[in-house]
2 protein chains.
Amino acid sequence: MDTPWLDRRQLRAWIRLRAVLELLPGVLDAQLRRDSDITEFEYFVLAVLSEAPERTLRMTELAARTNATLPRLSHVVTRMERREMVERFPCPEDRRATNARLARAGWDTLRRAAPGHVDAVRRNVIDALTDEQVDQLADIGDALLSRLDPSGTMSAIYARHDGPDEEDA
Amino acid sequence: MDTPWLDRRQLRAWIRLRAVLELLPGVLDAQLRRDSDITEFEYFVLAVLSEAPERTLRMTELAARTNATLPRLSHVVTRMERREMVERFPCPEDRRATNARLARAGWDTLRRAAPGHVDAVRRNVIDALTDEQVDQLADIGDALLSRLDPSGTMSAIYARHDGPDEEDA
DNA sequence: AGATGAAGGTTGTCGCGACAACTGATTCTG
DNA sequence: CAGAATCAGTTGTCGCGACAACCTTCATCT
């Protein structure tokens with residue numbers, strides 16, 4: 001708590017980051033709501049499930065990968081279940097656990113939503129940066145997540161394997 | 001809409017950024033709620049007001065600088081007014097307009113909250129990065145905001161003048 | 001085995017932000 | 001200078017996420 005104020009360069013970076021934090025989620029969310037009637041978080045849930053073996057994950061694991069709390073995920077899955085985008089069924093190996101599986105309507109939604117969403121990410125993020133900055137951003141993200149998410153559940157996934165990408169489901 | 005998928009490097013950057021977007025706001029918000037009983041957004045409102053001439057800004061201008069919509073700001077100011085952190089009074093020059101002024105309790109709250117908040121920003125952001133990365137992040141932020149906030153109301157402020165910093169109020 | 005504690009989920013309540021609808025003041029236009 | 005469009009704000013409704021409380025089921029310890 002005895003840390004000094006931020007200097008001008010640090011402040012400049014922080015103010016910018018703060019603005020991005022405030023603006024970007026809303027922009028991406030609005031696009032998906034408008035065009036596909038799902039939230040960005042729901043999109044991500046669909047995308048993560050679509051890559052999992054059997055398109056199925058336990059709630060806890062899904063929560064970790066989407067970086068949600070369990071209560072939040074539970075609520076979201078309840079809503080998605082009503083729209084038949086996912087199914088819940090008890091886990092055979094552990095009777096405490098619940099599995100979530102991508103259902104037909106969810107897969108269709110994901111496929112239809114993907115192009116527009118990727119396009120939005122491109123327009124608002126990727127295309128604004130040079131190739132060099134894209135790499136810098138990835139490294140900066142790594143550094144920040146080492147503090148925010150030490151276990152690395154969320155970000156590590158896509159870095160490791162050579163398999164399908166998030167948007168590729 | 002005919003844009004291609006993201007390649008691996010782009011995807012890596014995007015996944016990281018997305019994770020940061022999901023995690024960082026909650027962390028900072030939780031610290032301020034716990035230690036000072038205000039949200040991060042309220043903190044920012046207080047900080048912006050504290051730097052304005054007469055510690056007063058019109059609602060529209062305050063909304064622009066904090067990057068909130070007017071309805072959102074109006075609700076927030078209503079709550080803060082109840083806690084006597086800010087005051088609202090009609091603008092003499094334009095009878096449509098309302099001014100918001102930092103009140104005593106708001107100033108006290110800001111002063112007490114600042115060290116802990118700065119510390120949190122430091123621990124979770126600044127200290128995780130090299131000096132070089134801090135500058136890179138600022139440039140990346142600029143680039144992103146050129147798409148997200150073309151008018152530059154939010155981020156430009158602190159870049160221009162030599163005056164007091166956000167945290168310096 | 002029985003108790004204790006931990007893990008995995010669900011549900012309820014509350015607060016905040018988005019969006020739409022509205023009021024009142026001001027500027028523009030013919 | 002009357003009417004239309006615009007600007008500045010406020011208010012109401014709704015949906016989502018945070019947090020806390022709770023219920024099972026599994027793991028441990030003795």
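Naming: A, B, ... by sequence-line order, numbering from 1 per chain.
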Salt bridge (Lys or Arg N to Asp or Glu O under 4.0 Å) involving A:R95 - partner list, sequence neighbours excluded: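 Listed in chain order: nothing, the list is empty.
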
Salt bridge (Lys or Arg N to Asp or Glu O under 4.0 Å) with B:R104: which residues, sequence neighbours excluded?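 Scan of B:R104 (salt bridge (Lys or Arg N to Asp or Glu O under 4.0 Å), adjacent residues dropped) gives B:D108.
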
In chain order, what residues pass the side-chain hydrogen bond (donor to acceptor under 3.5 Å, both in side chains) check against [X], with sequence neighbours excluded?
X     : value
A:R9  : B:D135
B:R79 : none
A:E81 : A:R88

Partner set under side chain to side chain contact (heavy atoms under 4.5 Å, CB included) for [X], not counting sequence neighbours:
X      : answer
A:R34  : A:Q31
B:E132 : B:T130, B:Q136
B:N99  : B:T56, B:R58, B:F89, B:C91, B:P92
A:A113 : A:L32, A:S36, A:I38, A:Y43

Span of DNA chain D, from the first to the last nucleotide whose atoms fall under 4.0 Å of chain B heavy atoms: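 Contact span on the strand: D:dC7 to D:dG12.
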
Would a distance-only check, ignoring hydrogens and angles, find a side-chain to backbone donor-acceptor pair under 3.5 Å from A:S74 to A:P71?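 Checking the backbone N and O of A:P71 against the side chain of A:S74, no donor-acceptor pair under 3.5 Å is found.
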
5'-most contact on DNA chain D: B:A30 or A:R33, nearest heavy atom basis?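 The residue mapped nearer the 5' terminus is A:R33.
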
Which of residues 70-82 of chain A sit near DNA chain C, with a heavy atom under 4.0 Å from it?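 Only A:L70, A:P71, A:S74, A:H75 qualify.
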
Output the residues of residues 84-94 of chain B in contact with DNA chain D, where contact means a heavy atom of the residue under 4.0 Å from an atom of the strand; sort by number or write none.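 Under 4.0 Å from DNA chain D: B:R88.
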
Using a 4.0 Å heavy-atom cut-off across all strands, classify B:T69 as base, sugar-phosphate, or nothing.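 Sugar-phosphate, backbone atoms only, no base.
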
For A:N99 and A:G26, take the nucleotide of DNA chain C holding the closest heavy atom to each; which residue's nucleotide lies nearer the 5' end?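 Comparing both residues, the 5'-ward one is A:N99.
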
